[in-house]
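Inspection log for the structure reproduced underneath, given as structure tokens.
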Amino acid sequence: MKRLALFAAAAALLLAACAGPPAGDASPAATGDTSTDAPSEWTGVTRNVPSEYPTIQSAVDAANPGDLILIDRGVYKETVSVTTPGLVIRGVDRNEVVIDGEFERPNGFEVLFADGVAVENLTSVNHTINGFFWTGVRGYRGSYLTAVNNGDYGIYAFDSGDGLFEHSYGSGSPDASFYIGQCNPCDAVISESIGEYSGLGYSGTNASHLYLVNNVFRFNGTGVAPNTLDSELIPPTRDVVVAGNLIYDNGYQDFPHKDSQWLTQGFGVLLVGVDGATVTMNRIFNHPNGAIAVAPNVDANFWMSSDNEVVDNVVEGSGLGDLALAGPSLPGNCFEGNDPAHTMPPMLETSQGCGGLRWPALFEVGSFASLFGRVVENGLDLDTDVFYGDMPLPGPQPQMPQGADAPVIPAVNVFAGAQPNLGSIETPRMPAGEEVTQQKGINIMGVTFASTLGGILGLYAYVLPMVLYASWVVIAVWEIVKRDDLGRGAGLGWMAAILVIPFLGVIAYYIFGRSQVPVAYRWMLLAGGIGAYLVILAIGMIVGGVV
Amino acid sequence: MKSRALVAAVIGGVLLGACGGSSGSDESVEGESVTVEMYDNRFQYTEIRIPLGGTVDWLGSGRNPHNSVAADGSWSTEDVFESLEQLEGDSAVLRYDDAGEYVFFCTFHGNAQGDGMAGVLIVEEGG
């Protein structure tokens with residue numbers, strides 16, 4: 001017993017010693033400091049491109065805080081780097097003011113530690129990294145932006161607070177069309193926007209207290225994926241609201257992706273390692289895996305999801321489950337009012353409702369076991385190879401009302417005016433011409449057959465331990481029945497221990513119960529199967545590049 | 001006893017292998033041979049001191065591509081890695097034979113003025 005306690009303590013110390021995220025501090029702007037260097041009003045100065053300034057960058061460099069940069073129609077082949085706060089950068093025509101990276105330049109617009117910069121009514125295409133990028137700022141806004149075929153993110157805010165992306169469009173980004181990362185509270189809103197043909201429609205790593213409302217996410221690997229990772233500061237992701245969105249047909253098409261986007265494809269909303277999210281009033285349909293799934297995320301630390309509420313959504317057409325809860329998870333995740341056709345595990349709204357008793361379901365791993373096969377497929381380069389520049393080009397996107405003559409408002413105190421009233425949000429209607437087509441897929445104990453290796457290795461990863469355990473129990477109980485050397489009391493006692501104490505009872509019997517099974521067979525039974533299982537898992541992890 | 005040691009070693013190895021994360025650090029580092037991880041979106045160290053002839057291993061450790069380039073254009077991880085896009089695990093070891101103070105930055109997430117993902121490398125003569 002003493003040894004066991006010592007081992008437990010040592011294990012805890014080992015894990016505690018190695019599990020820290022990288023050191024460093026997020027910017028004050030991203031952690032609630034509301035001070036800003038930006039003026040709240042326009043200076044009245046307009047700097048015209050190209051009539052006064054030949055390039056956008058030259059106009060930006062000449063500008064004072066609070067100026068308007070007005071860009072005329074044309075294709076601009078430059079990266080615009082902004083370090084002056086409070087600028088409003090506006091195109092006169094969303095579809096005809098185009099910043100083209102020609103697959104050579106990294107970013108279309110990069111706003112670096114300049115508070116309150118708004119970018120409006122223009123398009124950024126073909127950059128190797130980002131279409132639009134804000135970092136380290138308090139106050140940002142992207143309105144009526146189009147970001148197409150950019151190699152990392154379309155529209156991206158990092159380490160920043162107090163922001164709004166609205167009426168914008170992102171497509172063809174291997175990571176995500178829209179991304180917000182490393183902020184708590186983010187005080188951010190993404191609304192009335194479309195994300196499609198990307199690895200993820202929206203991704204938010206360690207991005208807490210933000211709203212995704214009234215958007216469309218379709219034709220991506222997965223639609224919406226708030227998540228927690230150790231690669232960015234201030235984990236985990238908390239208090240995300242996903243409401244009133246139309247999310248459909250993610251996980252079918254060829255889509256540009258990174259490794260993690262390939263592994264997690266086929267979901268509408270996927271909460272991975274998230275605390276306290278609210279997913280409500282969304283219409284989510286046609287996904288090979290699930291409409292809404294709550295799951296853990298693995299990085300340097302193991303991030304389990306907790307206290308997420310999935311309520312009053314319309315969820316249809318899912319291959320695995322309209323709702324899914326994958327463990328291990330912390331308590332508090334609940335599902336209610338979604339009227340799912342089927343869930344994984346079954347009867348999720350009954351066992352994990354938002355009112356009353358929630359039955360223990362913290363270790364349901366079947367839903368995600370087939371990811372193990374995806375990991376191996378990825379390591380073997382069996383994933384599809386899709387160049388982000390080959391994604392479909394969108395048609396003309398809606399212009400900003402009043403265009404060049406719209407009021408000039410720097411991005412100061414943005415969230416206060418943009419925070420949605422959840423009471424007014426309605427579930428989107430089914431779009432014209434769309435229908436539910438995905439049928440419930442084949443699965444065995446939750447392991448899907450979306451791919452060959454996913455099915456085989458998923459079953460191996462999930463089912464084999466249970467088969468092994470069942471064989472231990474059956475052989476032990478059968479042997480006790482047959483043994484003459486055990487009295488009735490001892491025999492019943494061992495049976496009770498085996499049946500009542502999971503795993504440990506039967507192991508104790510084989511070790512201490514003077515089993516008649518030859519020692520070599522006992523070891524093979526107990527350790528051989530587990531050994532083979534661990535070897536297969538290790539090979540899979542190595543091939544998959546996880547370790 | 002041997003078998004117990006083996007089991008302990010295996011379990012310990014699994015526990016250690018499972019964590020595999022980055023180690024914590026201050027913002028400055030000094031040494032003859034230094035490794036600097038490039039996270040999303042910052043450098044592990046923003047002030048690096050090495051002696052003349054010292055090396056820095058610029059190691060990709062984020063989900064996004066990164067690089068390190070001198071603001072004066074005198075060196076770049078591209079010189080060694082042959083691409084500006086270093087992903088997780090990609091390493092570029094540069095040797096510094098000219099003393100000086102170099103502002104460095106990631107061309108994707110910072111700029112030559114030292115804004116964003118940036119830092120200072122000090123190569124000390126006779127250090």
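Note on naming: letters A, B, ... go to the chains in the order of the sequence lines (proteins, then strands), and numbering restarts at 1 for each one.
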Item to complete: May I ask you to check whether over 12 heavy atoms, not counting those of A:E102, lie within 6.0 Å of atom CD?
Response: yes
Fill in: Residues that B:F108 engages under ring pair (Phe, Tyr, Trp, His ring centres under 6.0 Å), provided they are two or more places apart
none
Worksheet, complete the sentence: Honestly, the part of A:D175 sitting under 4.5 Å from a heavy atom of chain B is side chain
Discussion item. When you compare the side chains of A:N130 and A:N150, does any donor N or O come within less than 3.5 Å of an acceptor on the partner?
Written reply: no
Discussion item. Do A:N227 and A:N297 pair up side chain to side chain, a donor and an acceptor below 3.5 Å, judged on atom types alone?
Written reply: no
Discussion item. What part of A:D159 gets within 4.5 angstrom of chain B, counting heavy atoms only: side chain, backbone, both, or neither?
Written reply: neither
Worksheet item: If contact means a heavy atom pair closer than 4.5 Å, which residues of residues 72-101 of chain B contact chain A?
Response: B:E85
Fill in: Residue A:Y153 versus chain B: region with a heavy atom under 4.5 Å
side chain
Discussion item. Less than 4.5 Å to any heavy atom of chain B: does that hold for the side chain of A:Y179, its backbone, both, or neither?
Written reply: neither
Worksheet, complete the sentence: Taken in chain and number order and not counting sequence neighbours, the residues that satisfy salt bridge (Lys or Arg N to Asp or Glu O under 4.0 Å) with B:D40 are none
Worksheet item: Between A:F132 and A:F109, how do the two ring planes meet: parallel, tilted or perpendicular, split at 30° and 60°?
Response: parallel
Discussion item. If the condition is salt bridge (Lys or Arg N to Asp or Glu O under 4.0 Å), which residues does A:D152 pass it with, not counting sequence neighbours?
Written reply: A:K258
Practice prompt. Using a 4.5 Å cut-off on heavy atoms from C-beta on, say whether the side chain of B:L121 contacts that of B:V56.
Written response: yes
Response to the item:
Most heavy-atom pairs under 4.5 Å with chain B, out of A:T83, A:L229, A:T135, belong to A:L229
